[in-house]
Structure formats: C-alpha cells, structure tokens
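Only one structure is covered here, and it is reproduced in the block below.
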Amino acid sequence: MNNPSTFLLLNLPMLAIKEVLSEITPLDLINFSMISRKTRLIARHFSKQPPISKYDIILNIYEPHGVQIFHGENLYEYEIVSYKPEDGLRVENEIIKQSKYSEDPVTEFKNYVEYAIEVFDWPVDQLYFYFHDLNDTSYSIIDWLKLRVRSTDLCSMSLFSDQISDDYVSYFLENVEVRRYLTLGCTMSDNFQLTIPRSVERLEITKSAFVTFDQLSSFNCVSIHLSQTSISNKELNQFFKNWMASKSNQKLQDLFIGIKDLESLETIFDLPHEVIDPGTVRTMHRLNHPFPVAGGIDIKRDDGAVATCYTQFGIGSLYLAMLVHLNF
Amino acid sequence: MSVEPEVPIVQVEEVRENPVLYKIISSDNHVFTISEHAVKLSKTLWDLITNLGLTAENALDNPIPVENVNGKNMETIVQFCERHKYDEEEPEYTNYIREFVLPEWDRQLLSIDNEELFQLILATNYLDIQKLMDYCCRVIGDMAKDKTPEELRIIYGIPTDAEDDALERSASDSPGPSG
C-alpha cells in the first residue's frame with residue numbers, strides 16, 4: 001500500500017468488500033457506486049444479495065424533496081434544497097440527513113432516485129406527496145412515478161394538500177399503482193367521487209367531509225379510517241345493516257369514523273345487537289396489534305362473523321370504531 | 001507435530017473454569033496460547049482442531065501452524081478472541097444489517113494504520129472470525145461517512161475510469177506467456 005492514508009478497498013477479497021459495503025450507509029453506498037464504472041458494477045453486484053438487496057426507498061415529494069433509506073434501525077435522508085445547506089450530516093427528528101444544494105431540486109431529485117433504482121434496483125416502499133404547487137409540476141411528477149418507480153408489496157402512499165386537488169388525486173390514482181396503504185390528506189371538493197383501487201387494503205382519509213354513504217359502501221378495504229363525513233346517522237345504520245346482511249364491505253375488519261355525538265348511537269344501532277357489560281374487557285386487534293376493549297356493542301353478520309363497536313374521543317371529535325373479531 | 005519456537009511463547013490468561021488451551025504458530029514462528037472458548041470464535045481454527053482430534057490432553061503438545069497469518073496479526077486476533085470469548089453467541093447469518101456499537105476497547109485495538117488493518121482483515125477472513133470481520137469492516141465503513149465520490153476515490157485508492165482503461169490496455173498489450 002503506497003499511500004498510508006489510503007485503504008485499498010478493492011484489493012480485499014470479495015466477501016470482505018461485501019461486508020464493508022453492508023456496513024456503510026445507503027447514501028455512502030450510492031456515493032461509492034458513483035466513483036467509477038468498476039465501483040458501480042461492484043455495487044450493482046452486491047445489491048442483488050442481502051442485506052443490500054433488502055433496502056427500499058421512501059420518497060418525500062414536497063419541499064425539500066428527499067430520498068430516505070433505512071440502514072438497520074437508522075433512517076438516512078438525502079434531501080435536495082434550494083439554499084446553501086450546512087456542511088456535513090445532521091440529525092433531525094431522529095433522521096440522519098445529508099443536504100445538497102440544487103437550482104433545480106425536482107430534476108436533481110428525479111435523477112438521484114432514477115440512479116438509485118437503476119444501479120441498486122431498490123423499490124419504493126413509501127411515498128409522501130404534497131400537492132403544494134397545483135401546477136403542471138405535480139402532473140409531471142405523477143407521470144414520472146408511473147414510468148420510473150417500482151413499488152413494493154407493502155407500499156404506503158400518502159397524498160396531502162391544502163387546496164382543493166380533485167384532479168391531482170384522480171390523476172395520481174389512475175396512473176400510479178397503489179399497493180396496500182393509502183392515506184389521503186388532501187382537501188377535496190364536496191362532490192368528489194373517490195375511486196379506490198382494488199389493491200388498497202388500508203385506507204385513511206383525514207379530510208373526509210366529501211365521503212358519502214355510497215362511497216363508504218364501495219370502499220372494499222380491510223381497514224377504513226375516516227374523520228367527519230357527510231354520512232347521516234340513518235345512513236350509518238343502513239351501512240351496518242348491509243354489513244350484517246353481507247351486502248357490502250365484506251373484507252372490512254376495522255372501521256373508524258367520526259360521529260356527531262353519543263345520542264347518534266341510538267339511531268345508528270337501531271338494529272339487532274348485544275350490549276356488552278362495560279366490566280367485560282376483551283382483546284381486540286387493529287393492524288394485528290392487540291389491545292383491550294371494555295364493553296361495547298356486538299353486531300353479527302349472517303355468516304357468523306361478529307364485530308364489536310365502541311366509541312372513542314379523538315382530537316376534537318367523537319369516533320365510532322368497529323372491529324371484526326378475528327380467529328387467530 | 002513438533003515445532004521449536006524461535007521466540008518466547010505469548011501466554012494468554014485463562015481466568016475461568018475451562019482450562020483447555022491450544023498452541024498456534026504464526027507464519028513467522030511466533031507461538032500463541034489460546035483458550036478453547038476463544039479459539040472457537042475462529043471457524044477455521046476450530047474446524048482444524050476438531051478434524052485433528054486435539055483434546056485437552058494432547059492440545060499443548062500439538063501446536064497448530066497457521067501459515068497465512070503473521071505474529072503481529074495473530075497477537076491482535078488472540079487478544080480479540082480472548083476478550084470476546086464469553087460474548088453471547090450471535091445468529092449464524094442474517095439477511096438484515098447486524099446492529100452493533102463498536103466498543104471502545106475494540107476501537108482502540110483496531111486503531112492501526114491502513115496497511116496493518118488491511119492485513120488483519122485478510123487474516124480475519126482466512127480464520128473466519130465473523131465478529132472481528134464485522135468490527136474491522138465498521139472501521140473501514142466509517143471512513144466513508146459523509147464523503148463525496150471524489151473523496152471516497154482517494155480514501156479507498158480507487159482508480160478513475162481512465163486509469164482503469166489504461167491498465168486494461170497495458171495488460172492486453174503486454175506479451176502473453178508464449179512471448
């Protein structure tokens with residue numbers, strides 16, 4: 001070794017090179033692959049083997065645009081900013097961040113993601129898209145996602161906006177494959193007709209005032225979480241009657257929906273039900289996580305499935321929860 | 001097996017109840033004593049001991065020659081293995097990142113120059129000591145932290161594409177075995 005400050009990494013046996021590349025952070029690994037054609041080939045080679053093949057990407061499509069990758073328990077982020085950033089790594093909200101200045105952050109972001117996908121074939125596991133500037137940029141990013149981004153089976157996509165963004169949400173859902181989890185935090189117009197792809201298992205709509213009885217009935221998801229909706233107590237009563245008669249929402253295991261007040265329960269549960277003693281505590285499951293539920297109201301579907309309904313106070317609102325009993 | 005050591009034997013303290021010791025001879029004829037618990041951290045050495053049928057009774061009379069590892073590296077390796085011989089056993093292999101914090105004692109042990117570290121990794125790879133390999137690779141990986149590709153090129157001594165091309169050309173231009 002001629003230069004004592006140099007460590008001739010590529011002279012190590014391949015197994016040792018792999019160990020070193022597994023040790024370095026994903027952002028450093030991407031930088032390593034950019035050194036030369038040879039390092040790109042080496043990085044690509046080891047990206048097909050665990051643990052590097054297990055990495056996946058989280059995309060933040062809002063200001064500042066960023067790419068996050070877990071390395072073990074640590075989350076690293078490469079963010080592209082339009083101001084001169086501080087030098088070096090910094091920790092923000094337990095995320096280890098590296099910033100890069102660019103005059104064209106969107107293009108720089110796309111190039112970085114495309115490079116990581118091309119060299120390492122890492123899929124996108126989570127995507128957070130904020131429709132901030134309601135202009136053509138959002139459409140072009142959706143087109144780019146459609147063409148260039150492969151998602152994992154456990155993909156979670158979250159869309160946000162503060163302005164009415166019906167067209168953007170529709171365009172996104174028509175063009176980007178949403179695999180399992182969809183969080184919709186966009187402001188929608190009152191008459192927005194949301195069509196949920198069949199592949200979505202868990203749906204959360206935080207600004208759900210536009211959701212009607214017909215829409216709720218059409219969401220064939222395992223989990224539906226809504227805040228306040230335009231659904232009346234009578235309609236909610238019909239919704240549960242339909243569920244009990246196996247007429248809608250057959251996959252539903254977990255419903256969480258805003259209601260007006262406790263008096264609403266009288267109308268909603270004007271159907272065959274069993275009131276459980278509040279002293280009876282049972283273990284229920286949400287997203288496979290067990291937790292205790294005291295009392296509640298049990299309703300039964302015509303195939304024998306039982307669901308427990310109970311109320312819960314959330315932030316400034318009262319919610320009705322329905323959890324179908326699972327046989328573990 | 002009978003080898004006369006040219007240098008004094010390096011004794012390693014065996015503090016716990018198991019008194020079984022083995023002798024290892026490095027490539028430059030340094031002799032090391034290592035306890036059974038410690039030598040088990042090296043898959044290569046333990047396979048050798050098992051295959052040779054060495055026992056508590058005959059172990060010290062049958063030193064094990066390790067021709068690929070010199071005395072300096074073997075001393076570091078023996079120190080490491082003795083230090084970690086009672087560590088909890090780790091899973092054989094995992095598809096995920098092995099989570100660990102490099103202990104200060106080990107960081108000090110591995111605070112050696114790059115050439116020595118390089119040779120130590122070769123020795124560790126040959127002797128198949130997973131934990132030491134993890135620790136050495138962490139030290140080398142730490143060199144890459146927050147570095148640009150150009151800085152990494154210098155740190156890891158990686159040729160540019162042009163240099164690689166020139167090397168390839170000179171290799172193809174040089175006469176083959178037949179002249």
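Each chain gets a letter, A, B and so on, in the order the sequences are listed, and its residues count up from 1. Heavy-atom basis, side chains included; hydrogens, waters and symmetry copies ignored.
Looking only at heavy-atom pairs under 4.5 Å with chain A, the residue among Gly141(B), Cys137(B), Ala144(B) that has the most is Cys137(B). The candidate with the highest count of non-hydrogen atom pairs below 4.5 Å against chain B, out of Ile17(A), Leu9(A), Asp28(A), is Asp28(A). Among the candidates Leu15(A), Thr39(A), Asn11(A), the residue making the largest number of heavy-atom pairs closer than 4.5 Å to chain B is Asn11(A). The most heavy-atom pairs under 4.5 Å with chain A, out of Thr124(B), Val139(B), Asp164(B), come from Asp164(B). In terms of heavy-atom pairs under 4.5 angstrom with chain B, the leader among Ile24(A), Leu12(A), Ile96(A) is Leu12(A). Contact count versus chain B (heavy atoms, under 4.5 Å) is highest, among Met34(A), Arg37(A), Lys38(A), His71(A), for Arg37(A). Heavy-atom pairs under 4.5 Å with chain A were tallied for Glu150(B), Arg138(B), Met143(B); the largest tally goes to Arg138(B). The most heavy-atom pairs under 4.5 Å with chain B, out of Ile35(A), Leu10(A), Val20(A), Leu21(A), come from Ile35(A).
Judged by distance alone, with hydrogens and angles left aside, the side-chain atoms of Ser42(B) form no donor-acceptor pair with the main-chain N or O of Ile129(B) at under 3.5 Å. Remark: the backbone N or O of Leu54(B) is not paired with any side-chain donor or acceptor of Asn58(B) at under 3.5 angstrom. A donor-acceptor pair is defined here as one N or O able to donate and one able to accept, closer than 3.5 Å; no such pair exists between the side chain of His285(A) and the backbone of Phe291(A). In this structure, the side chain of Trp122(A) does not engage the main chain of Ser47(A) through any donor-acceptor pair within 3.5 Å. Checked by atom type and distance alone, the side chain of Tyr156(B) pairs as donor or acceptor with a backbone atom of Ile140(B) at under 3.5 Å. Remark: the backbone N or O of Ile121(B) is not paired with any side-chain donor or acceptor of Asn125(B) at under 3.5 angstrom. Looking only at distances, a side-chain donor or acceptor of Asn70(B) sits under 3.5 Å from a matching main-chain atom of Lys72(B).
Salt bridge absent: Glu151(B) and Arg153(B) never bring a charged side-chain N and a carboxylate O closer than 4.0 Å.
Heavy atoms of Thr25(A) lying under 4.5 Å from chain B are absent altogether. Contact annotation for Leu27(A): neither backbone nor side-chain heavy atoms come within less than 4.5 Å of a heavy atom of chain B. If you measure heavy-atom distances from Phe70(A) to chain B, you find no contacts under 4.5 Å at all. The contact between Gln98(A) and chain B is made entirely by side chain atoms (from C-beta outward), counting heavy-atom distances below 4.5 Å. Contacts between Phe100(B) and chain A at a heavy-atom distance below 4.5 Å involve the side chain alone, from C-beta outward. For Leu152(B), the parts sitting under 4.5 Å from any heavy atom of chain A are the backbone and the side chain alike.
In this structure, Lys18(A) forms no cation-pi arrangement with Phe46(A), as its terminal cationic atom is not both closer than 6.0 Å to the ring centre and no more than 45° off the ring axis.
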